[in-house]
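Heads up, the thing below is written out as structure tokens.
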Amino acid sequence: MPECPELHLAGRYINEAEAYRISATARGKELRLTLAPLGSGATQDLVFRFGMSGSFRLCPAAELPRHAHLRFLTSESPPRALCFVDVRRFGSWRLGDAWQLDRGPCVVSEYQAFRENVMKNLDDKAFDKPICEALLNQKFFNGIGNYLRAEILYRLKIPPFEKARTVLEAMKDQEQTRRKKNSSLTLSKKLKQMRNNPDLLELCHAVPMEVIATEKNLLDPDHSDNYAAFKNWLQCYLVPGMSSLRDHNGRTIWFQGEPGPMAPKGQRSRKKRAQLKADPEALTPEVTTRASKRRPKTAEKPPESAEEVADGPRKGRARGRKKATAAPALSQAEVPVKAKRSRQTPARRRRGAAPAV
DNA sequence: GTTGGATGACTACGAGTCCTCCAACA
């Protein structure tokens with residue numbers, strides 16, 4: 001994100017609107033905004049951690065998107081607003097804090113450090129897991145999310161449930177062989193060869209770079225064209241014809257071919273329904289569809305408690321959830337600032353809420 | 001109208017929870 005020229009901060013952290021210069025740096029899934037009050041040398045940091053649906057948007061202040069939970073207004077006329085848009089409210093932000101300590105170097109902006117961090121720690125227990133699960137470990141793969149892991153593994157035809165260490169050690173051997181073979185090549189030829197035959201770690205850098213480079217607002221679902229472009233860019237994730245399985249953390253991994261030796265047992269691979277219609281051979285008893293997983297209405301359990309009855313029907317997944325357990329009370333000073341959850345009841349609120357903005 | 005899954009990460013240590021939206025289904 002480029003440096004913003006001159007912005008006014010609006011929000012309850014600042015009682016009176018003051019002029020700030022704002023610069024932003026990103027690392028993995030975090031973004032730090034540094035606020036420098038005009039006429040003062042002091043700065044203030046805000047670190048944002050994005051959830052599944054969080055993003056920043058710069059738009060006219062009179063046309064704020066839905067779920068714009070934090071707004072920085074420009075001083076121009078008419079003003080624009082830099083908004084933290086987070087539909088699901090999974091994102092969080094901290095005031096005056098640094099990067100999260102347990103995240104490794106960023107796969108995009110700190111590639112060499114990222115690579116070294118992985119290669120020097122191959123004996124870590126994180127690499128005992130399947131490669132698809134290791135790729136979501138932000139201690140080593142800071143910035144890789146669910147769709148990126150699918151795209152990266154798909155391009156290299158690596159079975160997602162192959163052991164991570166097996167994959168990375170094989171890659172290490174290939175790297176040494178390549179170095180010996182390429183020792184006489186010029187730097188440009190080495191780089192060209194690397195681009196033509198990237199290894200797993202190189203793709204962890206290159207694939208996110210493709211997303212960044214493709215279009216400025218590629219991931220903004222409010223712009224249907226951009227979102228369509230993003231979906232068109234995807235080669236594996238959510239693509240009809242690809243298989244999917246739940247990993248051991250409950251996240252869906254999309255892949256093609258064999259899942260690998262560490263695939264969860266007793267789970268059947270699913271394929272996108274569009275492909276099922278187009279491919280009659282795929283209609284085997286092993287395919288699980290949403291309909292087949294659904295509990296028949298006649299088999300529905302009655303409400304388990306009077307409280308559930310009193311709450312009335314809930315939509316979607318919330319209906320089947322267990323009641324939240326009571327969390328120990330924490331003072332606001334002890335907890336990181338999180339986006340306000342205005343519809344939560346106090347009993348369900350697990351952390352201190354951020355000020356309304 | 002209902003259900004479950006979706007670009008994360010937390011707590012507690014496997015599975016539930018936070019929240020909103022929407023495609024797919026009966």
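- Counting to the nearest Å, the C1' atom of dG8(B) and the CG atom of Leu135(A) are 16 Å from each other.
- Contact annotation for Arg149(A): no contact, since no heavy-atom pair falls under 4.0 Å across all strands.
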Check: residues 159-167 of chain A side-chain donor-acceptor pairs under 3.5 Å, at least two apart:
unit_1, atom_1, unit_2, atom_2, d
Arg165(A), NE, Leu122(A), O, 2.6
Arg165(A), NH1, Asp128(A), OD1, 2.6
Arg165(A), NH2, Leu122(A), O, 3.3
Arg165(A), NH2, Asp124(A), O, 2.9
Arg165(A), NH2, Asp128(A), OD1, 2.8

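- Taking atom CG on Leu234(A) and atom C1' on dA6(B), their separation rounds to 13 Å, with Å as the unit.
- Side chain of Lys29(A), nearest nucleotide from dC21(B), dA9(B), dA6(B): dA9(B).
- Distance CZ (Phe50(A)) to C1' (dA9(B)): 15 Å, rounded to an integer number of Å.
- Comparing dC21(B), dA9(B), dG8(B) by their nearest atom to the side chain of Asn146(A) picks out dG8(B).
- Whole-Å rounding puts the Asn249(A) CG to dA6(B) P distance at 14 Å.
- In this structure, Arg246(A) does not reach the dG14(B) phosphate: none of its side-chain N or O atoms is under 4.0 Å from OP1 or OP2.
- Counting only distance, with no hydrogens or angles, the side chain of Asn146(A) and the backbone of Thr252(A) share a donor-acceptor pair below 3.5 Å.
- Using a 4.5 Å cut-off on side-chain heavy atoms (C-beta onward), Lys29(A) and Arg103(A) make contact.
- As a whole-Å value, the separation of His248(A) NE2 from dG14(B) P is 12 Å.
- When the P atom of dC18(B) is taken as reference, atom CZ of Arg89(A) falls 14 Å away, rounded to whole Å.
- Between Arg251(A) and dG8(B) there is a side-chain polar atom (N or O) within less than 4.0 angstrom of OP1 or OP2.
- Here the P atom of nucleotide dG8(B) and the CD1 atom of Ile253(A) are 11 Å apart, to the nearest Å.
- Glu202(A) is linked by a salt bridge (charged side-chain N to carboxylate O under 4.0 Å, His left out) to Arg178(A), counting only residues two or more places apart in sequence or in another chain.
- Heavy-atom neighbours of Gln235(A) CD from other residues, nucleotides or ligands within 6.0 Å: above the threshold of 12.
- Residue ring and nucleobase are stacked for Phe90(A) and dG8(B), with a centre distance beneath 5.5 angstrom and an angle between planes beneath 30°.
- Taking the C1' atom of each, dA9(B) and dG14(B) are spaced 15 Å apart, rounded to whole Å.
- Taking every side-chain heavy atom of Arg88(A) into account, dA6(B) is the closest of dC21(B), dA6(B), dG8(B).
- The phosphate of dT20(B) has neither OP1 nor OP2 within less than 4.0 Å of any side-chain N or O from Arg66(A).
- The Gln100(A) side chain lies nearest to dC10(B) when the options are dT20(B), dC10(B), dA9(B).
- One atom, CG of Asp102(A), and another, P of dG8(B), lie 16 Å apart when rounded to the nearest Å.
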